[in-house]
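Comments concern the structure below.
The figures here come from the full heavy-atom set of this structure, side chains too, leaving out hydrogens, waters and symmetry mates.
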Amino acid sequence: MISQLSWKIGGQQGEGVESTDRIFSTALNRLGYYLYGYRHFSSRIKGGHTNNKIRISTKPIRAISDDLDILVAFDQESIDLNAGELRKGGVVVADAKFSPTIPEGIDARLFAVPITAIAEELGTSLMKNMVASGASWALLGLPMEVFNKAVEEEFGRKGAAIVEKNIEAVRRGGEFVLEQAGGPLEEFKLEPADGKQKLFMIGNEAMGLGSVAGGCRLMSAYPITPASEIMEYLIKKLPKFGGTVVQTEDEIAAVTMAIGANYAGVRTMTASAGPGLALMMEAIGLSGMTETPLVIVDTQRGGPSTGLPTKQEQSDINALIYGTHGEIPKVVVAPSTIEECFYDMIEAFNVAEEYQIPVIIATDLQLSLGKQSCEELDFDSIRINRGKLITEELPALEDHKLFKRYELTDDGISPRVLPGAKNGIHHVTGVEHDQEGRPSESAINRKKMMDKRLGKIASLRVTNAIKVDAPNESPELLIVAMGSTGGTIDEARSRLAKEGVKTNHITVRQMFPFPSEMLEPHLSAAKQVIVLENNATGQLANLIKQNIGAHDKIKNVLKYDGTPFLPSEVYNACKELN
């Protein structure tokens, strides 16, 4: 028996690849296995090769695997493109319709199943995804009743007849392949899972859930890959809590609506990707100047321009930190796990209101769209902090005086009132202003207001601003990264440790203000520093050099072909640079 296995399904976009993966992984989740998924898809609605890869394990995992055990193929292209990942003795389950062949040099066993023919016999070729998934499930020897339950959940809303047809498709696919194979494949028999059902979600869903839990009641946004699932999630959830989602005409409208709603006292967010973030820059400056809370999610994807809308990249770092004209206070945080996606959204709303600033949560496509097992979330730990928002009645103002909305205080954070509050009238403007909000071009006032705004975040540190795994006092290698790469790095480190290479690992979560004082001791202790990131220019490495130095120690490991790092790639890079 084996403790983990990797399974992939490939075909043309729009022919059921995603639904096959969804039902297959849902059933595995019901059995209590840990799962980690990666979705490769084209930036179009239909057509073009797509594949979904699921790693299945009895223990927690946070990376896609280097190799592949089982490949399910709806066309020859899927075999040709993905067979190279198959380990020796791997399996291909393919539709007999296209007379599948395995490329020369690939040691794998082929099962040609009449996937389309069986589906058509049952009434429609659309059910070929169920035939294929049934064949996969049967080869693993897993309990069929669990899979059938997942099918019922997927198609139950369409009626009992449709459910029965799909279950029959699963059964016939399984029976056919088992007759070919002579029964379930013993070499792919998984050890039993713990039986405990885990949360299983993508990062976008976790951020949507975190937003609701953090008090968000309005999302204004424009659909864009890979952020749209946040919007889709909240469309279903927010109305249950008295909230709503507004689809705006573009990202400029989305962010300005969010600023206006936050000014009115409603916790509001927006979400986008690099192109949309670029459109938001002037408005982000408005949030900083008017000291209005704002929460934005940036789901990084391949750029520039339209770039690679459906591919992995971490190249928005410079834009996130330096994109706005002028200088404003802001916080940029990059979660690295599904759990952090949830908790960081709650903290983002608290920080935005406590410090009256824009807060940007920066994920990457793999974290946003890769479906993963998730530890149980602690809803009892949630606390809402609205900062210096005044809710009690204000004292009467002197004649011709206004409320000091931008009062100069010791901590730089001014009292805040909601519009309509008695005795709370004040100016709000994007030009420089005095303590009451009146426009002012006074040089003295300008300096005081700039110092006030920028000073209030100088020492701001979010929870786990850097995440440290440092078992070695003087490591040969310190690997620094961000976002979804953590699990991949840890697998590579495990291989290096077996060879006697001492490594430490730091994930930088707070990108701005940069936590230099927290990171610097770890850089000083390491003989060599590897900064690993999905971009072409080493933006995170440059950020470290700018704030800390250590130019002579830092080596870049960069990948910008649109795909995530594999554990073997990180291992090989570390071996080469060590």
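Side-chain contact between F74 and N129 is present, with heavy atoms from C-beta onward closer than 4.5 Å. The shortest distance between side-chain heavy atoms of I296 and P358 does not fall below 4.5 Å. Residues L122 and E168 form a side-chain contact, since some pair of their non-hydrogen atoms from C-beta on lies under 4.5 Å apart. Here the side chains of R55 and L5 are not in contact, with every heavy-atom distance at 4.5 Å or above. Using a 4.5 Å heavy-atom threshold, the side chains of T124 and K165 count as separate. Within the 4.5 Å cutoff, the side chain of E164 has no heavy atoms near those of the I167 side chain. Two residues are said to be in side-chain contact when any heavy atoms from C-beta on lie closer than 4.5 Å; I466 and T507 fail this criterion. Contact annotation: the side chain of V113 approaches that of V93 to within less than 4.5 Å [non-hydrogen atoms, C-beta and beyond].
Side chains of E313 and N535: no donor on one and acceptor on the other come within 3.5 Å. Looking at D364 and S484, their side chains do bring a donor and an acceptor atom within 3.5 Å of each other. Side-chain atoms of S336 and K467 form a donor-acceptor pair, as typed in the model, at a separation below 3.5 Å. With 3.5 Å as the limit, one finds no donor-acceptor pair spanning the side chains of D316 and Q300. For the residue pair E77 and Q12, a side-chain donor N or O sits within less than 3.5 Å of a side-chain acceptor on the partner. A donor-acceptor contact closer than 3.5 angstrom is absent between the side chains of N52 and H40.
Here the two rings, on Y33 and F200, have centers that are 6.0 Å apart or farther.
Dense packing is recorded around OH of Y322, with more than 12 heavy atoms of other residues, nucleotides or ligands lying under 6.0 Å away. Other residues, nucleotides and ligands place more than 12 heavy atoms under 6.0 Å from the NZ atom of K388. More than 12 heavy atoms of other residues, nucleotides or ligands sit less than 6.0 Å from atom CD of E249. Other residues, nucleotides and ligands place no more than 12 heavy atoms under 6.0 Å from the CD atom of E282. Within 6.0 Å of the OH atom in Y263, the count of heavy atoms belonging to other residues, nucleotides or ligands exceeds 12.
Here CD of Q510 is found 10.0 Å from OG1 of T463. Values are rounded to the nearest 0.5 Å. How far OG of S3 is from CD1 of I56: 11.5 Å, rounded to the nearest 0.5 Å. Taking OG1 from T337 and OH from Y343, the interatomic distance works out to 9.5 Å, rounded to the nearest 0.5 Å. Distance CE/M127 to OG/S133: 11.5 Å, rounded to 0.5 Å. Remark: I361 CD1 to M345 CE distance equals 6.0 Å, nearest 0.5 Å.
Using cut-offs of 30° and 60° on the angle between ring planes, the pair F24 and W137 is perpendicular.
The cationic group of K59 does not satisfy the cation-pi geometry with Y34, failing either the under 6.0 Å distance to the six-membered ring centre or the 45° limit from the ring axis. A cation-pi arrangement is present between K237 and Y233 under the rule of less than 6.0 angstrom and at most 45 degrees off the ring axis.
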Checklist line | Stepwise side-chain hydrogen bond (donor to acceptor under 3.5 Å, both in side chains) check, D95 with T116 | finding: CA-CA 7 Å; D95 195 342; T116 300; 2.4 Å; yes

Next item on the list: Determine, step by step, whether I230 and M269 satisfy the side chain to side chain contact (heavy atoms under 4.5 Å, CB included) criterion, reporting the C-alpha distance in whole Å, the side-chain angles of both residues, the deciding distance to 0.1 Å, and the verdict.
Entry: CA-CA 11 Å; I230 303 174; M269 67 167 293; 4.2 Å; yes

Notebook entry, point to check: Can you check side-chain hydrogen bond (donor to acceptor under 3.5 Å, both in side chains) on Q13 and E18, steps first, answer last?
Noted result: CA-CA 8 Å; Q13 200 151 286; E18 186 175 352; over 6 Å; no

Item checked: Verdict with reasoning, T363 to S368, per side-chain hydrogen bond (donor to acceptor under 3.5 Å, both in side chains) -> CA-CA 6 Å; T363 65; S368 291; 2.6 Å; yes

Note to self: Let's go through R171 and N166 carefully: what are the C-alpha distance in whole Å and the side-chain angles of both, what is the deciding distance for side-chain hydrogen bond (donor to acceptor under 3.5 Å, both in side chains) to 0.1 Å, and is it a yes or a no?
What the structure shows: CA-CA 9 Å; R171 184 187 68 79; N166 280 280; over 6 Å; no

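Judged by distance alone, the side chain of K53 and the main-chain N or O of S65 form a donor-acceptor pair under 3.5 Å.
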